[in-house]
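Written out below as structure tokens is the structure these notes cover.
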Amino acid sequence: MKRRKRLPTRRRDALRHAARALILLLLVQNLLHVGLLLPVQALRETEEREGVCGTKVLRRIWEPDIYKTSLFYLTASENALLLGDVHFTHLGWFPQFGAALDCTGGAPLYAAERTVSRYGQEGTYCFFYGRADAPSIETVELSLRYISGYDEAEGENIYQEHVRLTVPKESWMERDGHRYFLLPYKLEGWPYQTSEHTFVTGRDNAGKVVTEFEITEGSYASYG
């Protein structure tokens, strides 16, 4: 029978100290409600707040121009999508904001938008995300528009397009039989008096429109 090799005393002591420090840190975090050890722990708090559970991380993005220590996560469950962000301080990781998207309506395409601005800086960061459930949808376009007038006869606003974006291949993800997308875009120099409105269009491989609608789901956040 082989004799088990023992770790050197110094190494054993170092491992014991590290384990004690980790346990102490977790206890302090739970008792004093300070920051969390891992970013994904803070993300789970955002998901609980938004009523989303059982998710998997699809993509993580670092946007240092928004906030140096912020991470943005796109997570998905069978019935929902969530784009949430967390940030790091000397006390640990803290949850920030999140916007959940319900994907249970049987629609061919779901889409949401999160816009984030930084006080004192030019431009607004837009995060467009969604899920395409119709197999016929091959291309997704995002049209950022402004209100240029009002049609009295039809009783509706008149929109003009500022910019049109096509979701590129690298922005698409596949997981558990679903197709997702996440497209960050910095909107600069908005010259219009009305706010930005985003319309999404899903097209088949022949360019025919499968679905088109204005995005109404999402949230807005501002960092100081």
Side-chain angles (χ1 to χ4, degrees), residues 35-36 39-40 42-47 49-50 52 55-76 80-89 93-103 109-132 139-147 159-173 179-202 213-224:
L36 296 161
V40 72
L43 177 67
R44 297 309 177 205
E45 287 195 4
T46 300
E47 290 178 335
R49 189 174 64 217
E50 293 293 317
V52 179
T55 66
K56 295 179 181 178
V57 175
L58 297 174
R59 186 159 293 174
R60 183 178 69 176
I61 296 177
W62 177 45
E63 287 288 356
D65 289 341
I66 300 175
Y67 202 82
K68 296 289 184 189
T69 61
S70 281
L71 293 174
F72 288 80
Y73 285 87
L74 181 67
T75 63
L81 267 174
L82 181 131
L83 183 65
D85 61 305
V86 300
H87 77 287
F88 184 75
T89 73
W93 289 95
F94 285 87
Q96 285 284 90
F97 306 99
L101 175 62
D102 184 2
C103 299
L109 178 67
Y110 302 92
E113 174 182 2
R114 270 201 67 192
T115 55
V116 181
S117 66
R118 184 80 188 271
Y119 181 75
Q121 290 190 2
E122 291 289 333
T124 299
Y125 289 83
C126 304
F127 296 88
F128 305 103
Y129 57 103
R131 189 175 95 180
T139 305
V140 170
E141 297 172 345
L142 298 157
S143 174
L144 279 61
R145 306 176 188 177
Y146 62 95
I147 299 173
Y159 293 93
Q160 296 292 328
E161 186 173 80
H162 171 72
V163 65
R164 179 176 290 263
L165 309 170
T166 299
V167 178
K169 288 182 179 180
E170 59 268 22
S171 294
W172 284 93
M173 298 147 277
R179 293 181 297 145
Y180 305 94
F181 66 87
L182 171 60
L183 177 63
Y185 177 75
K186 187 175 182 182
L187 181 61
E188 297 182 282
W190 186 258
Y192 316 107
Q193 294 183 355
T194 65
S195 58
E196 176 260 325
H197 296 259
T198 302
F199 289 77
V200 61
T201 304
F213 56 91
E214 182 179 1
I215 293 178
T216 58
E217 300 292 330
S219 69
Y220 172 80
S222 180
Y223 290 81

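The shortest non-hydrogen separation linking Leu101 to Gly130 is CD2-CA, 4.2 Å. The shortest heavy-atom contact between Ser171 and Arg59 is CA-NH1, 3.7 Å.
Note that CD of Glu170 is 11.5 Å distant from CG of Leu182, once rounded to the nearest 0.5 Å. Here OH of Tyr129 is found 10.0 Å from CZ of Phe181. Values are rounded to the nearest 0.5 Å. In this structure, CG on Leu142 lies 10.0 Å from SG on Cys126, to the nearest 0.5 angstrom. How far CD of Glu196 is from CZ of Arg145: 11.0 Å, rounded to the nearest 0.5 Å. In this structure, the separation between CD1 on Ile61 and OH on Tyr73 is 11.5 Å, given to the nearest 0.5 Å. Atom CG in Asp102 sits 9.5 Å away from atom CZ in Arg131 (nearest 0.5 Å).
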For a side chain to side chain contact (heavy atoms under 4.5 Å, CB included) check, start with the C-alpha distance between Glu141 and Thr166, then their side-chain angles and the critical distance, and finish with the verdict.
CA-CA 4 Å; Glu141 297 172 345; Thr166 299; 3.9 Å; yes
Run the numbers on Tyr185 and Leu187 for side chain to side chain contact (heavy atoms under 4.5 Å, CB included), then give the verdict.
CA-CA 6 Å; Tyr185 177 75; Leu187 181 61; 4.0 Å; yes
Start with the C-alpha distance between Trp93 and Leu71, add both sets of side-chain angles, then the distance that settles side chain to side chain contact (heavy atoms under 4.5 Å, CB included), and finish with yes or no.
CA-CA 10 Å; Trp93 289 95; Leu71 293 174; 3.7 Å; yes
Could you walk me through whether Phe97 and Val116 satisfy the side chain to side chain contact (heavy atoms under 4.5 Å, CB included) test, starting with their C-alpha distance in whole Å, then the side-chain angles of each, then the deciding distance to 0.1 Å, before giving a yes or no?
CA-CA 10 Å; Phe97 306 99; Val116 181; over 6 Å; no
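Using cut-offs of 30° and 60° for the angle between ring planes, the His197 and Tyr159 rings count as perpendicular. Ring pair Tyr146/Tyr192 is parallel by interplanar angle, where below 30° counts as parallel and above 60° as perpendicular.
Between Thr55 and Leu82 there is no side-chain heavy-atom pair separated by less than 4.5 Å. Using a 4.5 Å cut-off on side-chain heavy atoms (C-beta onward), Leu74 and Phe127 make no contact. Val140 places none of its side-chain heavy atoms less than 4.5 Å from the side chain of Phe128.
No hydrogens or angles considered: a donor-acceptor pair under 3.5 Å links the side chains of Thr75 and Glu47.
Within 6.0 Å of CZ in Arg164 there are more than 12 heavy atoms belonging to other residues, nucleotides or ligands. The neighbour count for Trp190 CH2, taken as heavy atoms of other residues, nucleotides or ligands under 6.0 Å away, is above 12. Other residues, nucleotides and ligands place no more than 12 heavy atoms under 6.0 Å from the CD atom of Gln193.
Between Arg114 and Asp85 there is a salt bridge, since a side-chain N of the basic residue sits under 4.0 Å from a carboxylate O of the acidic one.
Listed by chain and number, the residues in a salt bridge (Lys or Arg N to Asp or Glu O under 4.0 Å) with Arg49 amount to none (sequence neighbours excluded).
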